There are 2 protein chains.
Amino acid sequence: MGDEMADENISDLIERYLKEILADNEQVKIRRSEIAGLFDVVPSQINYVINTRFTIQNGYIVESKRGGGGYIRIEKVRLLDDIDVLDSLIAAIGNKLSKRDSETIVQTLYNNDLINRREASIILAAIDKDAIDLNNSDLTDIMRANIMISILNRLRYEG
Amino acid sequence: MGDEMADENISDLIERYLKEILADNEQVKIRRSEIAGLFDVVPSQINYVINTRFTIQNGYIVESKRGGGGYIRIEKVRLLDDIDVLDSLIAAIGNKLSKRDSETIVQTLYNNDLINRREASIILAAIDKDAIDLNNSDLTDIMRANIMISILNRLRYEG
DNA sequence: ATAATAATAGTCAATATTAGTCAAAGAATG
DNA sequence: CATTCTTTGACTAATATTGACTATTATTAT
């Protein structure tokens, strides 16, 4: 723990390389194969590094495009100061989410000034029963949980 | 490697070129082979750019004529009011909705001042692939369409 | 007028160029 | 030793580029 140099694997080196760029820039845009070549690893290891070290929990959002001129862009975002509410809501959701519980969550978000009325309305529309119905109430609850978690993760940061 | 926007693909460059003209004009009228020559691509790539980036969902209508003096004209459409925008977007969605088309729709909502940046990103979170994925790409597109329509209908009377 | 030819744009499928997924193998850790 | 983390590569998916072939319209020749 004390010394920084020791015991760094290649994934750590790639992480450090990218974060050094991000220290001076709001974002970094890479070509996956270039970075893989630079560190002499297979391209999919770049995905591994991104998936384990550049998550939204760490304050990064990632977007990419395939095909000619494709890229991966990692962007730093400013996490909100108080995301305890979000963390506990996400933890409480688990695998499935009923309509009733989802309404409680939206109410909680509103009470904590994390969303306004209009945003609440959009979220409720997104998880509306008729919209996500799958003729299978279990699947509907799973879908509702997934969508809600995705939205809560989005609320972690500003902008 | 931080913010520089080099390395765009040629289709993106052509898109940008045309949209720069459209920023100052209601329409742009081109000769396909001229634009192809300007960017050193085959003529049919102009069709590819138009079909992927100047659709009605994006707020453009395209008309063309073949033969001597032929042309392609791209015109910005001006929808009369917010309800018109929402109605035409809903009508255009149909049964399935790809990720790419959904992003175009959100962009159009933003361009027409129907949603702000934050609302846009909440919507994108709600229809994110990882959120609504069901290990079945057809079902994913169906789910995305349903959710988007639900949200658009909400915006219709939410004001 | 009509037919032939030239001058355009459109379609579609093959190929190229990227990134993503997933599971197995290997390495490190406790 | 068991568990977790890392590394690898085969397979998949998305997007871009290319070119052969087709369709339409204008112009020219008969």
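In what follows, chains are A, B, ... by sequence order, proteins preceding strands, each numbered from 1. Just the heavy atoms: all of them, side chains too, but no hydrogens, waters or symmetry mates, feed the values below. Since the model is a prediction, treat every value here as computed from it, not as a measurement.
Among the nucleotides dG20(C), dT8(D), dA9(C), the one closest to any side-chain atom of R66(B) is dA9(C). Taking only side-chain atoms of K129(B), from C-beta outward, the nucleotide of dT21(C), dT15(D), dT18(C) with the closest atom is dT21(C). Side-chain proximity of R32(A) to dT21(C), dA16(D), dA9(C): nearest is dT21(C).
For N9(A) and dA28(C), the CG to C1' distance is 9 Å, given to the nearest whole Å. For D12(A) and dA27(C), the CG to C1' distance is 13 Å, given to the nearest whole Å. dT8(C) atom C1' lies 12 Å from atom CD of E34(B), rounded to whole Å. Between the CD1 atom of I50(B) and the C1' atom of dG10(C) there is a distance of 11 Å, rounded to whole Å. The CG-P distance, from L13(B) to dA16(D), rounds to 12 Å in whole Å. Atom pair E15(A):CD and dT7(D):P shows a separation of 12 Å (rounding to whole Å applied). To the nearest angstrom, P of dT8(C) lies 14 Å from CD1 of I35(B). Taking atom CG on N51(B) and atom P on dT15(D), their separation rounds to 15 Å, with Å as the unit.
To the nearest 0.5 Å, the span separating CG on D133(B) from OG1 on T140(B) amounts to 4.5 Å. Here the CG-CG distance, from N146(B) to N95(B), works out to 7.5 Å after rounding to the nearest 0.5 Å. One finds the NZ atom of K65(A) at 8.0 Å from the CD atom of E8(B) (value rounded to the nearest 0.5 Å).
Here R156(B) pairs with D87(B) in a salt bridge; the nearest charged N to carboxylate O distance falls below 4.0 Å.
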With side chain to side chain donor-acceptor pair (under 3.5 Å) as the test, would you mind laying out the steps for Q45(A) and S11(A) before giving the verdict?
CA-CA 8 Å; Q45(A) 182 151 1; S11(A) 289; 2.9 Å; yes
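OP1 or OP2 of dG10(C) has at least one side-chain nitrogen or oxygen of S64(B) nearer than 4.0 Å. Listed pair Q45(A) / dT8(D) meets the phosphate criterion, a side-chain N or O lying under 4.0 Å from OP1 or OP2. When the side-chain nitrogen and oxygen atoms of K65(B) are compared with OP1 and OP2 of dA26(D), one or more of them lie within a distance under 4.0 Å. For R73(B) and dA9(C), the shortest distance from a side-chain N or O to OP1 or OP2 is not below 4.0 Å. For the OP1/OP2 pair of dT7(D) and a distance below 4.0 Å, the side-chain nitrogens and oxygens of S11(A) include at least one atom meeting the criterion. Taking only side-chain nitrogens and oxygens, K99(B) never comes nearer than 4.0 Å to OP1 or OP2 of dA13(D).
Mapping G68(B) and R100(B) onto DNA chain D by nearest heavy atom places R100(B) at the nucleotide closer to the 5' end.
Taking 4.5 Å as the limit, some side-chain heavy atom of R118(B) sits within range of a side-chain heavy atom of I115(A).
G67(A) comes within 4.0 angstrom of a base, heavy atoms only. Residue Y48(B) is in base contact, counting any heavy-atom pair closer than 4.0 Å across all strands shown. Within the 4.0 angstrom heavy-atom criterion, no nucleotide atom of any strand lies near I46(B).
In terms of polar N and O atoms assigned as donor or acceptor, the side chain of S44(A) comes within less than 3.5 Å of the base of dG9(D) in a complementary pairing.
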